[in-house]
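All remarks here apply to the structure that follows.
All chains are named by letter (A, B, ...) in the order of the sequence lines, taking the proteins before the strands, and each is independently numbered beginning at 1.
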Amino acid sequence: MDGAGHRIEIDVGRGHRRRVGPAGRCQARLLATSAIHRDCAPACRRQGVPPRRTPMLASRMNISTLREDPSEAEIASHRLLMRAGFLHKSGSGLYLYAPLLKRVLDKVERIVAEEMAATGALEIVMPILQEQALWEASGRWAAYQASRTMLTVRDRGGMTFGLAPTAEEVVTDYASHVVKSHKQLPVTFFQQHTKFRDEIRPRFGLMRVKEFIMMDAYSFHASDESLDQTYQAMRAAYDRAFRRLGLEAFAVEADSGAIGGSGSHEFMVAADVGEDTIMFCPESGYAANVERATGTIPVAPAWESAPEAPLITHTPGVGTIEQVVGFLRAHGHPSLVASHLLKTVLFVAKTAAGSHSVAACVRGDRELNEVKLTNALTRLLTAEGPVLQLRPMQADEVRDATSAEPGFAGPVKGLKVAFCLADRTLQGRAPLATGANLTDHHILGFVLERDAAVPVAFDDLITIRPGDGCPKSGKPLQEKRGIEVGHVFKLGTKYSQAMKAEFTGADQKLHPFIMGCYGIGSSRVVAAAVEQHHDADGICWPTSIAPYQCVVVPTKTGDAAVEAAANQVYHELLAHGIEAILDDRDVKPGVKFKDWDLIGIPHRVVCGRGVAEGLVELKARRGVVENAPLAGAAAAIIARVRGASTPAA
RNA sequence: CGGGGCGUAGCUCAGCUUGGCUAGAGCGUUGCGUUCGGGACGCAAAGGUCGCAGGUUCAAAUCCUGUCGCCCCGACCA
């Protein structure tokens, strides 16, 4: 089979020169190329042979570049992937991967798979349709229905299925059937498959879509130490994979969200268009998603004019923090600042057992972090399972809970909520001002631990912001934006316990698996790579994931010497396993240059005016033009490609 | 789901306010010719149920009602 492939290539080379027909289209070329596609490439793929020798003529590649940006595309990756013809929108959040993108994605998946396999992980394929019963066994059906993340479908028999947003249930069920003994542990399974999430709002092209491709891995362990080892091995494998992918990615502490579990890190690619905010400390190396970040905040200056005892004060029409501060400063408290206020935000929290009203108190100058509140509530409500949904109270619910108009709530007499939490920075006996649960009134000189009319649980509830102290070094934290391209979780026994997935330990007793899970958004990696590697002319693919490594551009169609030179370089490259394109299109050179810059092929060989003197031009996508002798051109490109695709580890 | 915007040729958009000729332009596509180193030029051509449905009117891309879709800002996540 291999031999046949080679022979066909040579045929292409020979038939290539002869021109037939007035438009300069070459019949022999056409036939030979389609023969290759039919006979060689699929066969190679079937045998797992890398598609390295697939010859490619630009005239047969269905290149469809756009001169203008599609109106819907806002960020670079979306804009450029669309313009260069990598992507076609099929529906909102649904994309067709064009031939060029398929090649990029294949390379991403291949690198990820190699790094996973290098850790000893075993590749599998799981179904995308998952039975409701499995998800009920883990207890996640309700949560995913509540958040409406999972799209459900029904078959003709009336069975309900979910479209896989992730696969903990399926793989845990699998492990429980095939892993019986601690001697088989640890073991890690992974797959690279389509995931579906019913996104509230798909956006940014490939960045946030309903259907995407993700590598998801799941590890099973007999001990926490073993989980720790694999968790660290996975983090290291991610580092290697992202380096090979040409991405600058870094790990940050993260919230584990709906997946659950104890420890969790996200892998971020720094980008201004990223949807996540990261707090970090250059001093200590601390980095965390703002959903999760902790830190120290400056102590509020003393409020000197505070009353000794709680004092109900008429504050007509001032419901917001700014208004209250302004009013009180004008009425006898000129030194009062927002940090002297206690802000009470009211929520309704839903669990499997029902709904609860919740009051959350934070210092007036700080923002409440709803992720932290959700987690704090979940800890408080251990018996009821996790908080499935947290939403702010509507105005009429606020009136019911406080007997006052919105804007005057406080943890004082008249507050009717099931739970009251307060940020731990409010601990201590400093007097504050807070709503009086009475329209147009606040209470001044309020000391939370002395005067609260409801039981208060303290927890970390505020959103950390730049300038707050790093929890490790105490130095000011900084902020940046990132694209989440990967995530690692320690799941513990959350799923194995719920689903009774157990193995026999050395003690001859049954134990639930201790689990970890790990994901890399392969299709999002592609978008992130473009965000990180582009310029005004188009995409600049890292060589490791470029759809092709080199393009050979003859600038004079019809000039026999130029075409011969281009053919020679092209076939030399192919013969050495370089993924090369020959731009045989009968268009002006400028069109070719623009196209390849936009598409982002890393290396270019131009055969044109220098050919008469035996010279061609070499140019890296971001480099400058260099002249080289025709005879050494292919070798030079080969050296560049090889050098780039094996980065120092 | 709340707030904002948009649906007219493959793409980017004019036209709509103030209803009225055969619905336009640029890019792209096809043919012929001239060109040929950074998105050439000339000539010719194809391509539209103006998102869909209903209404008002002698007459609707244009006005009204409904509906569907898409995009942007906020709450979910790889």
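No donor-acceptor distance shorter than 3.5 angstrom exists from the side chain of A:D216 to the backbone of A:G519, with no hydrogens or angles considered. Not one N or O on the side chain of A:K210 forms a donor-acceptor pair closer than 3.5 Å with the backbone of A:S92.
Between the side chain of A:R585 and the base of B:rG39, no donor-acceptor pair under 3.5 Å is found. A:R208 contributes a side-chain N or O that forms a donor-acceptor pair with the base of B:rC76 under 3.5 Å. Interface remark: the A:D537 side chain does not form any donor-acceptor pair with the B:rG38 base, using a distance-only criterion of under 3.5 Å.
In this structure, A:V625 and A:R148 both approach RNA chain B, and ranking their closest nucleotides by distance from the 5' end singles out A:R148. Taking the nucleotide of RNA chain B with the nearest heavy atom to each of A:R524 and A:V591, the more 5' of the two is matched to A:V591.
The NZ atom of A:K556 sits 10 Å away from the P atom of B:rC36 (whole-angstrom rounding). Distance CG (A:L66) to C1' (B:rU12): 9 Å, rounded to an integer number of Å. Rounded to a whole Å, the CE atom of A:M268 is 13 Å from the P atom of B:rC77. Taking atom CZ of residue A:F204 and atom P of nucleotide B:rA78, one finds them 18 Å apart after rounding to whole Å. Distance, A:D583 CG to B:rG38 C1': 13 Å, rounded to whole Å. Atom pair A:R203:CZ and B:rG74:P shows a separation of 6 Å (rounding to whole Å applied). A straight line from NE2 of A:H193 to P of B:rA78 spans 18 Å, rounded to a whole angstrom. In this structure, A:R67 places its CZ atom 6 Å from P of B:rA40, rounding to the nearest Å.
B:rA78 has A:F212 stacked on its base ring, the centres lying under 5.5 angstrom apart and the planes within 30 degrees of parallel.
Base engagement by A:R604 is indicated by at least one non-hydrogen atom pair under 4.0 Å involving a base atom. Residue contacts for A:G608: at a heavy-atom cut-off of 4.0 Å it reaches a base atom on one of the strands shown. Backbone-only contact: A:K89 has heavy atoms under 4.0 Å from sugar-phosphate atoms and none from a base.
Salt bridge status for A:R148 with A:D198: absent, with no side-chain N to carboxylate O gap under 4.0 Å. Comment: A:R621 engages A:D535 in a salt bridge, judged by a side-chain N to carboxylate O separation of less than 4.0 angstrom. Salt-bridge annotation for A:E168 and A:R140: present, with a side-chain N of the basic residue lying under 4.0 Å from a carboxylate O of the acidic one.
Listed nucleotides B:rC71, B:rG39, B:rA78 differ in distance to A:M214; the shortest reach to its side chain belongs to B:rA78. Of the listed nucleotides (B:rA78, B:rC71, B:rC77), B:rA78 has the atom at the smallest distance from the side chain of A:F489. Nearest to the side chain of A:R201, among B:rC76, B:rC72, B:rG38, sits B:rC72. Comparing B:rG38, B:rA75, B:rU12 by their nearest atom to the side chain of A:D597 picks out B:rG38. Comparing B:rG39, B:rA75, B:rC70 against the side chain of A:S92 picks out B:rC70 as the nearest. The listed nucleotides are B:rC73, B:rG37, B:rC76; the one nearest the side chain of A:T555 is B:rG37. The A:V209 side chain lies nearest to B:rA78 when the options are B:rC71, B:rC36, B:rA78. Which of B:rU12, B:rA75, B:rG37 sits closest to the side chain of A:S71 comes down to B:rU12. Of the candidates B:rG37, B:rG39, B:rU12, B:rU12 carries the atom nearest the A:E68 side chain, counting heavy atoms from C-beta on. Looking at the side chain of A:P589, the nearest of the listed nucleotides B:rG37, B:rC73, B:rC70 is B:rG37.
Atom CD of A:E275 sits in a crowded spot, with more than 12 heavy atoms from other residues, nucleotides or ligands closer than 6.0 Å. A:E114 CD: more than 12 foreign heavy atoms inside a 6.0 Å radius.
Shown here, B:rC63 forms a base pair with B:rG55; the pair counts as Watson-Crick or G-U wobble because both key distances fall under 3.5 Å. The partner of B:rU49 is absent, by the rule that a Watson-Crick or G-U pair needs both atom distances under 3.5 Å. Base pairing of B:rC76: no nucleotide in any strand meets the Watson-Crick or G-U wobble criterion (both distances under 3.5 Å). Of all nucleotides present, only B:rC6 satisfies the Watson-Crick or G-U wobble test against B:rG69, with each distance under 3.5 Å. Using N1 to N3 plus N6-O4 or O6-N4 for Watson-Crick, or N1-O2 and O6-N3 for G-U wobble, each under 3.5 Å, B:rA44 pairs with B:rU30. Using Watson-Crick or G-U wobble geometry with both donor-acceptor distances under 3.5 Å, B:rA23 finds no partner in any strand shown.
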Salt bridge (charged side-chain N to carboxylate O under 4.0 Å, His left out) between A:R235 and A:D239, worked out: CA-CA 6 Å; A:R235 285 188 58 172; A:D239 282 334; 5.9 Å; no

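A cation-pi arrangement is not found for A:R524 relative to A:F212, the charged atom failing to lie both closer than 6.0 Å to the ring centre and inside a 45° cone about the ring normal.
Nucleotides B:rC11 and B:rG2 place their C1' atoms 33 Å apart, quoted to the nearest Å. Nucleotides B:rG4 and B:rG48, compared at atom P, are 36 Å apart to the nearest Å. Going from the C1' atom of B:rG26 to that of B:rG47 covers 15 Å, rounded to whole Å. B:rC58 and B:rC13 have their P atoms separated by 38 Å, given to the nearest Å. A gap of 14 Å separates the P atoms of B:rG7 and B:rC64, to the nearest Å. Only the C1' atoms considered, B:rG54 is 42 Å distant from B:rA44, to the nearest whole Å. With P as the reference atom, B:rA61 and B:rG55 are 15 Å apart, rounded to whole Å. B:rA46 and B:rG3: their C1' atoms are spaced 44 Å apart (whole Å).
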